[in-house]
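Heads up: the structure comes next, in structure tokens.
Quick note: numbers below take in every heavy atom, side chains included, and nothing from hydrogens, waters or symmetry partners. One-based numbering, in listed order, for ligands and for the atoms of each. All figures in this text were calculated on a predicted structure; none of them were measured in a lab.
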Amino acid sequence: MMSDPVKLAIIYYSSTGTVDAMARHAATMAEKAGAEVRLRHVEELAPDDVVATQDEWVEHRKAVADEPTAVPDDVVWADAVLFGTPTRFGNVASQLKQFIDTLGPQWGEGKLADKTYAGFTAAKTMHGGHESTLLALYNTIHHFGGIVVPPGYTDDIKFEEGNPYGVSQVDQGDSDEPLTDTASEALTHLVNRLVTITGKLNS
Ligand SMILES: Cc1cc2nc3c(=O)[nH]c(=O)nc-3n(C[C@H](O)[C@H](O)[C@H](O)COP(=O)(O)O)c2cc1C
């Protein structure tokens with residue numbers, strides 16, 4: 001008997017497009033892995049005058065303006081949730097955190113528990129807080145009663161990419177290729193792992 005496809009919500013925040021590129025790649029790979037995917041960015045909260053300080057930020061806001069933003073039902077709907085955030089002073093971006101902090105009612109009804117969760121991030125520098133950001137994100141998953149699915153070193157790419165807590169990459173700045181080959185491969189691995197493990201839990 002064919003099992004239902006895994007429902008994966010990819011919920012992310014991005015100011016200047018790096019995490020957005022990671023999220024889109026993850027969505028493509030998850031669909032390839034047979035998942036039903038909701039790709040959702042969260043609402044911008046930064047004041048317009050702050051967004052205006054960076055052309056890339058302004059451009060990115062325009063680029064996603066017509067796409068749906070995340071709502072609590074996206075998490076409730078999902079069997080697996082993949083969160084993406086830029087590193088902000090070694091921590092989760094407040095825009096993503098704000099979305100997470102609207103989930104109190106769903107948490108109270110036990111609707112966030114027993115799902116699988118994982119995360120990815122980008123930072124400007126090599127040791128600028130990739131791991132602390134993901135670990136901070138995962139604090140919340142414990143409160144949900146969620147099941148964190150870390151990649152560990154379960155594939156050769158992880159020895160190259162180097163983050164056993166999730167997937168991360170150094171921001172490529174103005175490059176036309178915001179997603180590195182290594183991060184791309186590591187995201188593919190994480191998504192396949194998340195979909196496979198979630199499928200086993202569902203069956
Ligand atoms: C307020 C702020 C705080 C940041 N904090 C860090 C940091 O702690 N470590 C780091 O390496 N990069 C930091 N960065 C850089 C971003 O994490 C990095 O450029 C990221 O790739 C941006 O992702 P995006 O293009 O998806 O917005 C910070 C950027 C901003 C605006």
Side-chain angles (χ1 to χ4, degrees), residues 8-30 37-70 74 81-101 117-140 150-151 157-158 160-191 194:
L8 174 67
I10 300 175
I11 297 179
Y12 72 102
Y13 172 73
S14 180
S15 296
T16 55
T18 310
V19 171
D20 177 85
M22 297 173 85
R24 285 176 202 281
H25 176 73
T28 302
M29 289 302 130
V37 177
R38 286 191 190 177
L39 176 67
R40 302 285 188 266
H41 68 278
V42 298
E43 296 276 3
E44 181 58 86
L45 300 176
D48 289 345
D49 62 330
V50 175
V51 174
T53 58
Q54 269 184 283
D55 291 345
E56 298 84 358
W57 200 346
V58 174
E59 279 162 27
H60 184 62
R61 295 278 21 109
K62 283 188 195 150
V64 297
D66 293 334
E67 295 185 10
T69 50
D74 294 324
V81 182
L82 186 57
F83 284 120
T85 175
T87 287
R88 289 283 184 263
F89 305 124
N91 216 316
V92 177
S94 57
Q95 290 87 343
L96 181 65
K97 189 64 169 52
Q98 163 69 8
F99 171 73
I100 288 171
D101 289 353
Y117 295 86
F120 59 92
T121 189
K124 201 73 172 176
T125 56
M126 178 80 90
H127 300 290
H130 303 230
E131 296 183 352
S132 60
T133 297
L134 292 173
L135 289 172
L137 173 69
Y138 295 156
N139 281 341
T140 297
I157 189 61
K158 297 308 296 181
E160 195 182 313
E161 179 254 357
N163 191 337
Y165 301 92
V167 170
S168 65
Q169 70 164 33
V170 174
D171 188 336
Q172 301 300 292
D174 291 338
S175 166
D176 289 340
E177 304 285 344
L179 184 58
T180 65
D181 290 347
T182 303
S184 164
E185 221 178 299
L187 279 165
T188 302
H189 165 253
L190 179 61
V191 161
L194 190 58

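T182 and E160 form a side-chain donor-acceptor contact under 3.5 Å, judged by distance and modelled atom types alone. Between H130 and T121, the side chains place no donor N or O within less than 3.5 Å of an acceptor N or O (distance only, hydrogens not considered).
Within the structure, every pair that satisfies the side-chain hydrogen bond (donor to acceptor under 3.5 Å, both in side chains) test and touches residues 57-68, not counting sequence neighbours, is listed here: Y13-W57, R24-E67, E44-W57, E44-R61. Residue pairs meeting the salt bridge (charged side-chain N to carboxylate O under 4.0 Å, His left out) criterion with at least one partner in residues 122-136, sequence neighbours excluded, are K124-D171.
Applying the 6.0 Å contact sphere to CG of N139 captures more than 12 heavy atoms from other residues, nucleotides or ligands.
Listed by chain and residue number, the protein contacts of ligand 1 are S14, S15, T16, G17, T18, V19, P86, T87, R88, F89, G90, A122, A123, K124, T125, G128, D171 (heavy atom within 4.0 angstrom).
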Quick one: side chains of residues 48-55, donor-acceptor pairs under 3.5 Å with protein atoms, not counting sequence neighbours, listed by atom name and distance.
from: T53; atom 1: OG1; to: V50; atom 2: O; distance (Å): 2.5

